[in-house]
Protein chains: 4
Amino acid sequence: MPIDDAKPLRADAARNRARIMAAAEQVFSERGPAASTEEVANRAGVAIGTVFRHFPTKADLLRAIMKDLLARLVSDVDDLRRGSEPGDALFAFFTNLVAHSARQKTVIDLLAAAGSELNVPDAVGTLERSVGGLLRAAQQAGTVRRDVGLAEVMALLVAVCQGAVQAGWPADLQTRTLAVVFAGLAPR
Amino acid sequence: MPIDDAKPLRADAARNRARIMAAAEQVFSERGPAASTEEVANRAGVAIGTVFRHFPTKADLLRAIMKDLLARLVSDVDDLRRGSEPGDALFAFFTNLVAHSARQKTVIDLLAAAGSELNVPDAVGTLERSVGGLLRAAQQAGTVRRDVGLAEVMALLVAVCQGAVQAGWPADLQTRTLAVVFAGLAPR
Amino acid sequence: MPIDDAKPLRADAARNRARIMAAAEQVFSERGPAASTEEVANRAGVAIGTVFRHFPTKADLLRAIMKDLLARLVSDVDDLRRGSEPGDALFAFFTNLVAHSARQKTVIDLLAAAGSELNVPDAVGTLERSVGGLLRAAQQAGTVRRDVGLAEVMALLVAVCQGAVQAGWPADLQTRTLAVVFAGLAPR
Amino acid sequence: MPIDDAKPLRADAARNRARIMAAAEQVFSERGPAASTEEVANRAGVAIGTVFRHFPTKADLLRAIMKDLLARLVSDVDDLRRGSEPGDALFAFFTNLVAHSARQKTVIDLLAAAGSELNVPDAVGTLERSVGGLLRAAQQAGTVRRDVGLAEVMALLVAVCQGAVQAGWPADLQTRTLAVVFAGLAPR
DNA sequence: AATGAATGAGAATTCATTCAT
DNA sequence: AATGAATGAATTCTCATTCAT
């Protein structure tokens, strides 16, 4: 049961599509969303036309990256729910996401801009639902206050990630900042 | 005693400079830093050449806006230190900044990008020192834990503002998110 | 006795060739000669490569359409010569062609451009000879002046058709315009 | 009393605008409306940006040319009404337009396309009104049948011009073709 | 033979910056 | 000092044509 793509791609096309997305992730992370599609093509080792064949519009490319990254996040969440104590999973996910967001400037930027320019509603919604699961579990385990809502958790998540990414916080600053947030979430 | 500008400007030149900066603040807030210099000129009611006479480069203009906004923030901090209980001033500043950042997308964006692209080190340093004052005062008043550092306070400040701005948090989400942060800063 | 095509085509190849030409006629009629070959392929239900296998160049495709349409016109003329009074056949052909040219924007455009860009000399020549037959018959029947030449009849034919097509003349304007032309051709 | 342009242009800008329009007229006449804006710029001796500063869109440029050429036609009509017998002016205008249309492929093409892609309604309307004047005068002078309408005269005008232009009719073919049309317009 | 992905040379348009007026 | 026209490099996107599958 294919989840995403209607038409199976030819082997070479699939390879190129993947290369392009990887290149785009890199390029946009390094140079921001204003980076040129041409550079993405170069980095992917294909001609510019190939990029536009796969993603008819630059915005389509950005959307595709975002969908992909969000999907990865959701699957991270699922892994965590299986592998950790329910009370810890939210904190673990939070910490992880911040730690990796350096590599994922794009996700974060796009997450932050989610409402505005690009539209990837279901993907964002899915992530939100996943995090919601973590939050409820943590609240039932008693590691997070009952009066904290999903909205503010998501807000803090995005905000801290974006801060971490854009300002390039070193590891210890990440830790100390998260300590404050976690203390704010804890009961009492 | 002019601190920054070497040459006193002719009255009309000064007026134009001010108009341009005001227009630029608006335009970049609305359209992001990719907005065109031409539009800034239009909004300011001057010709494009005039903008470039005052700010030889688009980056110079952005830097100037940032310096200006940071200076305003610093003076806000000073006002607060005089007008509120020492224990509350930090929270008040924090809340204020978040609330107003909607209008100041530019500051926040620029603050966030401070380290990277533009360089306005002294301005940022000055703000950091001011906030440091608020923090120490709050810690002495016992409203903020002693083991919280200035770095993470600044980090949270920027992160939350940026989140608020870019995602357009409604007022109640701002409140609830700040509640978590403040709880995290409070002793015990 | 195949006049034009050297190699007999496999059945499926012939079918594709026909489909492509039909699609091309439609597409170029609707969108003008700037329409993309890709769209022709889509409309024909074949892949783009197939179009280029049959017509190595876009110009070749246009030429082929034109040849085909001209051939149809010639056969129309022949039908008319058999089925109408000699004195009326030219007028009937003229009227018919104008009336149908809406559907045949391509022919007309190509007929008009005949001399310039594309070269389909024999096809045009053949049509001209056919119309010449109609003209002589009409002159002998006394419905057209003797001092009118084939060149100007062809010229008027093309001109009026093109006018009708490009400006989208309604039926009554076609009628009234042709009335003037026919009056001009009539003796006295 | 300025008829067309709201803002007076600087001398150099006006010079460039004129050069661009002249170049565009040439280029589009030679290569059709698909010719590149870059070539217009080259021919005009300006940079590509200058063309787009004056005409923000390629379509704007085409429209401007058309307006200009139509205006010239209208003024030709006015001149003729003053300088010839009322009964002849329509024929003279017709003949002139056809003769010059070789140089004015653009006008004709645009006139023909008037309804469809570009919109220059008032300009076309003005021409139509002018020609209407010639027609009425000719009918009153008895050189044109009373039952001929303006619509078909315009239709023939456009059609014959376009034919002449696109197929490159030599002078004698023009003459002979017009002879038929004029005979069709004459009383009896 | 057919497919459809890849190529890459344009084409239109934008915009920071320069410079004549 | 101000004006605003000119420049031209850069960017997004299109499309005829080629070529691996």
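On a predicted model such as this, the values are computed, not experimentally measured, just so you know. The chains referred to below are lettered A, B, ... by the order of the sequence lines, with proteins before strands, and numbering in each begins at 1.
Taking atom CZ of residue D:R17 and atom P of nucleotide F:dG4, one finds them 17 Å apart after rounding to whole Å. In this structure, CG of A:N16 is placed 17 Å from P of E:dG4, rounded to the nearest angstrom. Separating the NZ atom of C:K58 from the P atom of E:dA9 is a distance of 20 Å, rounded to the nearest angstrom. The NE2-P distance, from A:H54 to F:dC13, rounds to 16 Å in whole Å. Rounded to whole Å, the distance from CZ on C:R19 to P on E:dA1 is 16 Å. At whole-Å resolution of the value, CZ in D:R53 and P in F:dT3 are 14 Å apart. One interatomic measurement links the two molecules: CD of A:E38 to C1' of F:dA9, which rounds to 13 Å at whole-angstrom precision. Between B:I20 atom CD1 and F:dA2 atom C1' the separation is 10 Å, expressed in whole Å.
Nucleotide F:dA20 is matched to E:dT3 when pairs are restricted to Watson-Crick or G-U wobble geometry with both distances under 3.5 angstrom. Using Watson-Crick or G-U wobble geometry with both donor-acceptor distances under 3.5 Å, F:dC13 finds its partner in E:dG10.
At the heavy-atom level, A:A34 lies nowhere under 4.0 Å from the strands shown. Looking at heavy-atom distances under 4.0 Å, D:A41 makes no contact with the nucleic acid at all.
When each of E:dA11, F:dT3, F:dG8 is scored by its nearest atom to the side-chain atoms of B:T50, the top-ranked nucleotide is F:dT3. If you check F:dC15, F:dG4, E:dA16 against the side chain of B:A47, the one that comes closest is F:dG4. Closest to the D:A13 side chain, of the nucleotides F:dT3, F:dA5, E:dA12, is F:dA5.
A distance of 8.0 Å separates CG in A:N42 from CD1 in A:I48, rounded to the nearest 0.5 Å. Annotation: the span from B:R53 atom CZ to B:N16 atom CG amounts to 11.0 Å, rounded to 0.5 Å. Separating the CZ atom in C:R17 from the OG1 atom in C:T50 is a distance of 13.5 Å, to the nearest 0.5 Å. Rounding to the nearest 0.5 Å gives a distance of 10.5 Å between CD of C:Q26 and CD1 of C:I65. Rounded to the nearest 0.5 angstrom, B:R43 CZ and B:E25 CD are separated by 11.5 Å.
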Atom pairs under 3.5 Å, N or O on each side, protein against nucleotides 18-21 of chain E: can you list them with distances?
none

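At the phosphate of E:dA11, neither OP1 nor OP2 sits under 4.0 Å from any side-chain N or O atom of D:T37.
Of all the heavy atoms in D:F52 and D:K58, the pair that sits closest is CE2-N, 4.4 Å.
Using a 4.0 Å cut-off between charged nitrogen and carboxylate oxygen, B:D12 and B:R15 do not count as a salt-bridge pair.
Mapped onto DNA chain E by nearest heavy atom, A:V46 and B:S36 fall at different nucleotides, with A:V46 at the one closer to the 5' end.
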